[in-house]
Amino acid sequence: MVKIKNTFYVTTPLYYVNDKPHIGSAYTTIAADVLARFHRLKGEKVFFLTGTDEHGEKIAKAAAEKGKQPKEFLDELLPFFTDCWKKLNISHDYFIRTTDLMHEKAVIKFFKKIYDNGDIYLGEYEGHYCVPCESYYLESQLKGKNCPTCGKETQLMRENSYFFRLSKYQQALLGYIESNDFILPETRKNEIVNFIRQGLQDLSISRTSIKWGIPVPLNKNHVIYVWFDALLNYITAIGYGSDSKKFKSIWPADVHLMGKEIVRFHAVIWPAMLLSAGLELPKKVFGHGWLTVEGEKMSKSKGNVIDPIEVSEKYSVDAFRYFILREISFGSDGDYSEKALVQRINSELADGLGNLLNRTVVMIEKYFDGKIPKAVNISKEEKELRDLTLKKAVEAGKQIDLMEFHKALYSVWEIINASNKYINDMKPWELAKENQKEKLGNVLYTLAESLRITSILLLPFMPETAEKIQKQLGLEEQKFDDALKWNLIKEGTQTGKAEILFKKIEEKEEK
Ligand code: MSP
């Protein structure tokens, strides 16, 4: 069969709409945005999906506490998500809500399909249910009476339930996980393999105790378990059950991104559901770490929940996007602190990058009337900076592909630091005084080229900053491949007005 998938497909989890987004939800979404922008920059067709998880007891409870109907409650909170993603420059291609009719219809279709395959049966369930996680746990998994994931108290529930034959897929899942780089990073893969080896139990996928959900076809006393419903968004949003041509051109997902605590749902339940329906499996699931704030778990009760919009308004969107991916190694837990953010803005964005651009553009303006000079008879120093820049550009591209975002940014800063060192060593202002025009032209051309490449590499992370750099250098639209080539700026290109990229921030003294 001819393969017709032609799209890079990246997803975030669907966020529960029981509160405003915080830096944890922003973290996954920004990472997905970097991947989407990177693949577009490489000239690929991209589909970037995000959205909201709107069914289940957690939402029903949150709405009831406010004295509202769930849908009314959701509609009021939804703009917090859509506005936040807009503010953070998130370039998703589609935003799905699990209350969308198109999604609900497709979920019912899927349910019927695997029911007809014999993978769903009616039984009775008794277990310890955790509402915040929307998940059942075995007694042996609990911490006392509390949930092993979020630590909140669980409730003993008994109900008639439809079950999905998850156990049937144990061997197939192990085979897929062990022979592919399906789960990243490696530590999460090991956790999942151990979990599956302990033996999978069939999964309860309907509730009679809850009303807020998609009704089970054939038995309206049940609603479909919120995770079963929500996971299906990854296929319903791209045409499963409604537009098979579109579906085939996008599925399977290239990568599902998420936090580590929900890898199990994506790497065990989700692929088993797909196997049952005879669909291809996603290529990768990546479980990133958890963010703490100044060393503490983020929580409403502690009052330390950080609003990504507030941070972005105070320090700029790009500074926030940069910081969150530079500070924490993607895959590991990490800490957010305002102090660390300010330090990175001052040293890396203002001093490192901003200064480099400013000095370069101002000198081109001053010594060459704002026209990019020619490079002729370049010396050892120019060749060294050129070679390092091209080498680091290749490395950064590979690192983004591997989702090693912090390493990719480190590589870009190796270019920036080397360029700053080069300016200080070459002292173009002295070359100007000595009227060494050819040498001066070589230096400024070399700096402009390394900044051009830097701007391309930074575009997925800091789209506004990349655009500003390119405008100041007088560049046309760049593609990722242009970062792997030297000598692309044409002599005589008119530069734009020199403007400060990042202002330095006064660092508060610690007591
Ligand atoms: N609704 C489910 C996902 C369904 S996907 C089909 C869910 N929603 S959530 O809103 O609770 O979490 C969404 C994402 O935010 C998860 O990937 C989670 O890991 C991430 N984060 C929430 N708090 C976080 C931190 N403090 N740090 C990093 N990410 C965290 O789970």
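Note that the structure is a prediction, hence the values are computed from the model and not measured. All ligand and atom numbering here is 1-based and tracks the order in the structure. Numbers here are sequence positions counted from 1.
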- Close approach, Cys133 and ligand 1, non-hydrogen under 4.0 angstrom: no
Of Phe80, Phe95, Tyr15, the one forming a ring-ring contact (aromatic ring centres under 6.0 Å, His included) with Trp85 is Tyr15
So the atoms of ligand 1 within less than 4.0 Å of a heavy atom of Met258 turn out to be 17 (O)
Going by the 4.0 angstrom heavy-atom rule, the piece of Leu291 near ligand 1 is both
**Asked** Relative to each other, are the rings of Trp227 and Phe265 parallel, tilted or perpendicular (30° and 60° limits)?
**Response** parallel
task = Using the ring of Tyr410 (Phe, Tyr or Trp, six-membered ring only), decide whether Arg326 places NZ or CZ under 6.0 Å from its centre and within 45 degrees of its axis.
result = no
Q. Parallel, tilted or perpendicular: which fits the ring planes of Phe247 and Tyr240, with parallel below 30° and perpendicular above 60°?
A. perpendicular
In terms of its nearest heavy atom to atom 3 (C) of ligand 1, the top option of Asp229, Leu257, Leu14 is Leu14
Under 4.0 Å from one or more heavy atoms of Gly24, ligand 1 contributes atoms 24 (C), 25 (C), 27 (N), 28 (C), 29 (N), 30 (C)
Atoms of ligand 1 under 4.0 Å from any heavy atom of Gly259, numbered from 1 in the order shown, are 16 (C), 17 (O), 19 (O)
**Asked** Can you say whether the rings of Phe48 and His92 are parallel (under 30°), tilted (30 to 60°) or perpendicular (over 60°)?
**Response** perpendicular
Counting from 1 in the order shown, the ligand 1 atoms closer than 4.0 Å to a non-hydrogen atom of Glu261 are 16 (C), 18 (C), 19 (O)
If the plane angle is over 60° it's perpendicular, under 30° parallel, otherwise tilted; pick one for Phe228 and Phe111. perpendicular
Scanning both residues in full, the closest heavy-atom pair of Phe73 with Lys66 reads CE1-CG, 4.0 Å
closest protein heavy atom to atom 25 (C) of ligand 1 is Trp290 CE3, 3.6 Å
Under 4.0 Å from one or more heavy atoms of Ala230, ligand 1 contributes atoms 6 (C)
message: Does the plane of the ring in Phe320 sit parallel, tilted or perpendicular to the ring in Tyr336? Use 30° and 60° as the thresholds.
response: perpendicular
- Is the backbone N or O of Leu74 less than 3.5 Å from a side-chain atom of Glu54, with the two atoms forming a donor-acceptor pair by type? no
To atom 12 (O) of ligand 1, the nearest of Phe81, Tyr15, Trp227 on a heavy-atom basis is Tyr15
Per-atom filter on ligand 1: closer than 4.0 angstrom to a heavy atom of Gly289 are 28 (C)
protein heavy-atom neighbour closest to atom 23 (N) of ligand 1 works out as His22 CE1, 3.3 Å
Shortest non-hydrogen pair, Pro185 vs Gly287, comes out as CD-O, 3.3 Å
Atoms of ligand 1 under 4.0 Å from any heavy atom of Asp53, numbered from 1 in the order shown, are 1 (N), 2 (C), 4 (C)
Within the 4.0 Å heavy-atom cut-off, what His288 brings close to ligand 1 is side chain
Checking heavy-atom distances from atom 9 (S) of ligand 1 to each of Tyr16, Phe265, Tyr336, the winner is Tyr16
Note: ligand 1 atoms sitting under 4.0 Å from heavy atoms of Met298 are 26 (N)
